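Keep in mind it's a predicted model, so treat the numbers as computed, not measured. So you know, we letter chains A, B, ... as the sequences are listed, proteins then strands, and number each from 1.
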Amino acid sequence: MSEEKVAGNAVNFIKSIIESDLKSGKHSGIITRFPPEPNGYLHIGHAKSICLNFGLAKQYSGKCHLRFDDTNPEKEDVEYVESIMNDIKWLGFDWEENLFFASSYFDQLYDWAVQIIKDGFAYVCHQSPEDVRKYRGTAKSKGIDSPFRNRSVKENLELFEKMKNGEFKEGECMLRAKIDMSHPNVLMRDPVMYRIKHIPHHRTGNKWCIYPTYDYAHGQSDAIENITHSLCTLEFEAHRPLYEWFLEVIKPESRPRQIEFARLNLTYTVMSKRLMMTLVKDGYVNGWDDPRMPTVAGIRRRGYPPEAVKDFAERIGVAKRDSTVSIDLLEHCVRENLNKTAQRFMGVLDPLKVVISNYPDDLVEEFDAINNPENESDGKRKVPFSKTIYIEKSDFMEDPPKKFHRLAPGKEVRLRSAYYITCNEIVKDGEGNIVELHCTYDPQTRGGGSPDGRKVKGTIHWVSATHYVPVEVRLYDTLFTVENPLDREGGKTFLDYINNESLKVIKNGCAEINLKNVEPSARFQFERVGYFCVDPDTTKEKIILNRIVTLKDKWNRIQKNK
RNA sequence: UCCCGGAUCGUCCAAUGGCAGGACUGCGGGUUCUGGCUCCGCCAAUCAAGGUUCGAAUCCUUGUCCGGGAUCCA
């Protein structure tokens, strides 16, 4: 508990600013906002931002608005609005009545633009896109004033009116802020405020044919909503002077402050919209919700609990330096959450038949198995046992190395929650493959303990061959073979680092019969194997499971280090 | 190179002029009816050089490296 406290209360530079603003009386409370453009799916980087904005609002008893930044109808669609809201809700955040759209402010934004023109700080420019670029200059060279820069207020007002009324073609002209064409920050060289697009908007329909740019719309939207702290990622840093310039010219009552933080990068994946699009479109994954994708939809389908994602967001912190967080930390958060919450079952992914030769042919016993050792109140369940069982192929070795604690000729192991068994015969096929084991059990060890107190080093999982549910299991690994697929060597692209083994499908898994009753949304642990969840591809005929994450595996590590 | 940022264990985040600390990873060990969990221990960092100061990761100067910035995108 104390550790969670520390994590949740860890100060970062944004909290310092907020606390100072609260203390000084600049603000009596805070309002943040999450401002997605409805033009794509959310990924875990957005999740960081969502957790930050909603988390801050919660911590300081403020509010967090959800505002769709829908100023460009060319790229946006309602389809994304729905999926974004769904993702935020899944993460466990609630914007309550504070659902907004930048497009709702088009009237106010227009009125302000008129005012800015009247104040002499904006003009309608008829330069071609090529000339705009040419006249803007470069980072090294100054720009040149547009020939339309000194039109009269009256003329600008008339022209802007005509723009609004659809009397110009797309690209024919635009409204520009009159700032400084020789400004060292290129963004300040008379940026575009309004452009013409004869395209219907998914919310305002055909009402408008001029649309405000991000730079003109964002700060003002913040001001309209009384946002106090407007958090965005580092690439908007250069836009901040512009953000402030508009506020200074318009002088709204509310003065939001833009604060930038570093976006999240994760090892072994890519997060850019364009690259993810390639993965989906070219079939490297099976859609936006493929469990290998870093999208919120992918993570959800993979089975990551939202609480684990929030914990992760809290633990990675917030700072201004570019960073790449190890996927290990995310997986750690997932394991930690699932260890405490996931019901345990037994499941065999790669079955090897075992016949208990001294066990009565038709006897079926039921053993009590603990549902979750981390939570006693989860109780126990009955697991049927019979003469023939399946164990994991990897739990048997004919010629085992020294520290192998599992089944081997002449060796005794415990079948979890059942009996001790000893292997005395290996049955092979014509090619020498092990196809079956014959073992004997010790009736005295019923339930998994022995009256004589003798120790067995190994405990293995099993499934009764006459009481099981067949399952298909999808095992996932990272989508890329290298930590940073973008850090590519000569000539290669990120696609050259795709992990061809990122998905392995097990067709003949055997799960404990109790799995039949598991809820479709449940996450559970196959003991000694990993955490799994039921995939939506599941049908009445076939249960399909996704491996969320493996258990940590010390034996695997020992072998690797050899 | 013009503007704006940023440089702390392998990774992420702290330390706000006063003992560089936590988490993840890795390594070693204890415990265990999951080689899980848990517990104990270990490895491991202030970009560089000057300066200010009793004292610098922190302030100043210079340099180096990294990131971002010139869409009628956000």
Minimum-distance nucleotide to R321(A) side chain [options: rA74(B), rU34(B), rA7(B)]: rA7(B)
Would a line drawn from the ring center of F312(A) to the ring center of Y304(A) be shorter than 6.0 Å? no
Report the distance from atom CG of N375(A) to atom P of rC37(B), rounded to the nearest whole Å. 18 Å
Validation: residues 139-146 of chain A side-chain donor-acceptor distances under 3.5 Å, sequence neighbours left out:
{"residue": "S141(A)", "atom": "OG", "partner": "T138(A)", "partner atom": "N", "Å": "3.1"}
{"residue": "S141(A)", "atom": "OG", "partner": "T138(A)", "partner atom": "OG1", "Å": "3.0"}
{"residue": "S146(A)", "atom": "OG", "partner": "F148(A)", "partner atom": "N", "Å": "3.0"}

Under 4.0 Å, counting only non-hydrogen atoms across every strand here, what does E336(A) touch: a base, just sugar-phosphate, or nothing? nothing
Would you say K393(A) has more than 12 foreign heavy atoms packed within less than 6.0 Å of its NZ? yes
Examine K382(A) relative to F367(A) and say whether NZ or CZ is less than 6.0 Å from the centre of the six-membered ring and inside a 45° cone about the ring axis. no
Could you list all the salt bridge (charged side-chain N to carboxylate O under 4.0 Å, His left out) pairs where at least one residue sits in residues 181-195 of chain A, not counting sequence neighbours? R149(A)-D190(A)
Regarding V456(A), tell me which of base, sugar-phosphate or nothing describes its non-hydrogen contacts under 4.0 Å with the strands shown. nothing
Using a heavy-atom cut-off of 4.0 Å across all strands, would you classify P373(A) as base, sugar-phosphate, or nothing? base
Using a 4.0 Å heavy-atom cut-off across all strands, classify I316(A) as base, sugar-phosphate, or nothing. sugar-phosphate
Would you mind classifying the nucleic acid contact of T71(A) as base, sugar-phosphate or nothing, using non-hydrogen atoms under 4.0 angstrom? sugar-phosphate
In whole Å, I'd like the distance from the CD1 atom of I179(A) to the C1' atom of rA70(B). 15 Å
Checking contacts here: which listed nucleotide (rA23(B), rU71(B), rG35(B)) is nearest the side-chain heavy atoms of R136(A)? rU71(B)
Would you mind reading off the distance between K23(A) atom NZ and rU16(B) atom C1', rounded to a whole angstrom? 13 Å
Dot-bracket assigned to RNA chain B with the 3.5 Å Watson-Crick/G-U criterion, [ ] for crossing and | for other-strand pairs, is .((((((..((((....[..)))).(((((.......)))))....(((((..]....))))))))))).....
Using a heavy-atom cut-off of under 4.0 Å over every strand shown, decide if R344(A) touches base, sugar-phosphate, or nothing. base
Any donor-acceptor pair under 3.5 Å linking the side-chain atoms of T233(A) with those of R263(A)? no
Using a heavy-atom cut-off of 4.0 Å across all strands, would you classify N561(A) as base, sugar-phosphate, or nothing? sugar-phosphate
Separation of rC73(B) P from M174(A) CE (nearest whole Å): 11 Å
Please determine whether any donor N or O and acceptor N or O are separated by less than 3.5 Å between the side chain of H183(A) and the base of rA70(B). no
Could you state the atom-to-atom distance from CD1 of I558(A) to C1' of rG35(B) in whole Å? 7 Å
Donor-acceptor pair (no angle test) under 3.5 Å: R406(A) side chain, rG35(B) base: yes
Reckon K142(A) touches a base, only the sugar-phosphate, or nothing at all at heavy-atom distances under 4.0 Å? nothing
Distance under 6.0 Å and angle within 45° of ring axis: R203(A) vs F101(A): yes
Over all strands shown, is N556(A) touching base, sugar-phosphate only, or nothing at heavy-atom distances under 4.0 angstrom? nothing
